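One structure below.
FYI, the numbering just counts along the sequence from 1. Note that the coordinates shown come from a computational prediction; the quantities given were computed from them, not determined experimentally.
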Amino acid sequence: MKLRKIVISSIILMGFTSMISQIIFLREFLIIFYGNEVSVGIILGSWLLWGGLGSWLLGRFSDRVSNRIFLFSVCQAALSFILPATLFLIRSSKQFMNISTGEIIGYAPMALAAFLALSASCCLMGFMFTLGCRIYGTSTDIPSKGVARVYVLEAIGSLLGGLIVGYFLLRFMSSYEIIFAIAIMNILLSLGMMFLSEPKALGGVFFKVIYAVFVLITVLIIFLCGPGIDRRSMNRLWSGYNVLE
């Protein structure tokens, strides 16, 4: 029963994470591309392309996995580290392409930056969606009902994420603070799911201690190193300028 509840929560969090990260990454790209309207299509096209490839290519291997819930939790934990790295890569993309601050970017560099920066996070989230459908598809006699549940749960998470980030988070938190916050949420839920799905293999009480220590260290790293990472990435984005606000 506990495992079922945490799986439901994880799928909702998947939609929540997907929507918030999409909004944050889109805003960051628009800063780099100076609000170019065509860039919105390029960014969303790259997002859909990688999400589709993750669902199709990686999703084909989900049938061969014996413990899909455990794999889902591993992907969720990996996503917690990939999202901050993606934001850093987006802000560093101008330096990688040797584009000066204030220089208008052409469509080809736009497409290249969006395509490369969004690859890991979108591909992984696409795979997680397919994996979630496999988990629910095998829990009912009618697989289509299981898939429909995943769509509904993911949509609920996306709706909540869009409302919360649009009306609250963006008013009071920076992009990195928001990304780190959802990273912590994913780590906490993924490790809880990992323990419930493989309690014997992970050593019972020993794993609980490791779980608590890992979470504590991760949270401390985020809070202690987060502001420095944010400043460093901002300096890479506005090279040669002192960003005040």
May I ask whether [X] and [Y] are part of the same hydrophobic cluster, defined by side-chain heavy atoms of I, L, V, M, F, W, Y residues being less than 4.5 angstrom apart, directly or through others?
X: Leu30; Y: Ile42; result: yes
X: Leu89; Y: Phe115; result: no
X: Trp238; Y: Phe88; result: yes
X: Tyr176; Y: Met173; result: yes
X: Ile20; Y: Ile31; result: yes

Rounded to the nearest 0.5 Å, how far does [atom2] of [Y] lie from [atom1] of [X]?
X: Trp50; Y: Leu57; atom1: CH2; atom2: CG; result: 9.0 Å
X: Leu118; Y: Leu48; atom1: CG; atom2: CG; result: 10.5 Å
X: Gln22; Y: Leu26; atom1: CD; atom2: CG; result: 7.0 Å
X: Met128; Y: Cys133; atom1: CE; atom2: SG; result: 12.0 Å
X: Ile12; Y: Leu160; atom1: CD1; atom2: CG; result: 7.5 Å
X: Asn186; Y: Met14; atom1: CG; atom2: CE; result: 10.5 Å

> Strictly under 6.0 Å, is that where the ring centroids of Tyr151 and Phe129 end up?
Replying inline: yes
Does [X] reach the main-chain N or O of [Y] with its side chain, forming a donor-acceptor pair under 3.5 Å?
X: Glu177; Y: Ser174; value: yes
X: Arg91; Y: Leu87; value: no
X: Ser190; Y: Gln76; value: no
X: Thr130; Y: Gly126; value: yes

>> Looking at Phe96, I'd like to know if its CZ atom is crowded, meaning that more than 12 non-hydrogen atoms belonging to other residues, nucleotides or ligands lie closer than 6.0 Å.
In response: yes
Give me the atom names and distance for the closest heavy-atom approach of [X] to [Y].
X: Ile99; Y: Pro109; answer: CD1-CB, 4.3 Å
X: Gly161; Y: Met19; answer: C-CG, 4.1 Å
X: Ile24; Y: Ser175; answer: CG2-CB, 3.8 Å
X: Pro84; Y: Ile179; answer: N-CG2, 3.7 Å
X: Met110; Y: Ser39; answer: SD-CB, 3.7 Å
X: Ile90; Y: Ala117; answer: CG1-CB, 3.8 Å

[X] vs [Y] side-chain heavy atoms within contact, under 4.5 Å:
X: Phe127; Y: Ser55; value: no
X: Leu131; Y: Ile69; value: no
X: Ser93; Y: Ile32; value: yes
X: Leu170; Y: Arg27; value: yes
X: Met125; Y: Trp47; value: yes

>> According to ring-ring contact (aromatic ring centres under 6.0 Å, His included), does anything in residues 14-40 pair up with another residue at least two apart or in another chain? List the pairs.
In response: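 Those involving residues 14-40 are Phe29-Phe33.
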> Could you go step by step and tell me if Ile184 and Ser80 meet the side-chain contact (heavy atoms from CB on, under 4.5 Å) rule?
Replying inline: CA-CA 7 Å; Ile184 291 174; Ser80 302; over 6 Å; no
> So which pairs with a foot in residues 109-126 pass side chain to side chain donor-acceptor pair (under 3.5 Å), sequence neighbours left out?
Replying inline: none
> When you look at Ser10 and Phe72, which way does the side-chain contact (heavy atoms from CB on, under 4.5 Å) test go after all the steps?
Replying inline: CA-CA 9 Å; Ser10 294; Phe72 190 96; 3.7 Å; yes
>> Going by side chain to side chain donor-acceptor pair (under 3.5 Å), name the residues that satisfy it together with Tyr107, two or more places apart in sequence or in a different chain.
In response: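 For Tyr107, no residue satisfies side chain to side chain donor-acceptor pair (under 3.5 Å) once neighbours in sequence are set aside.
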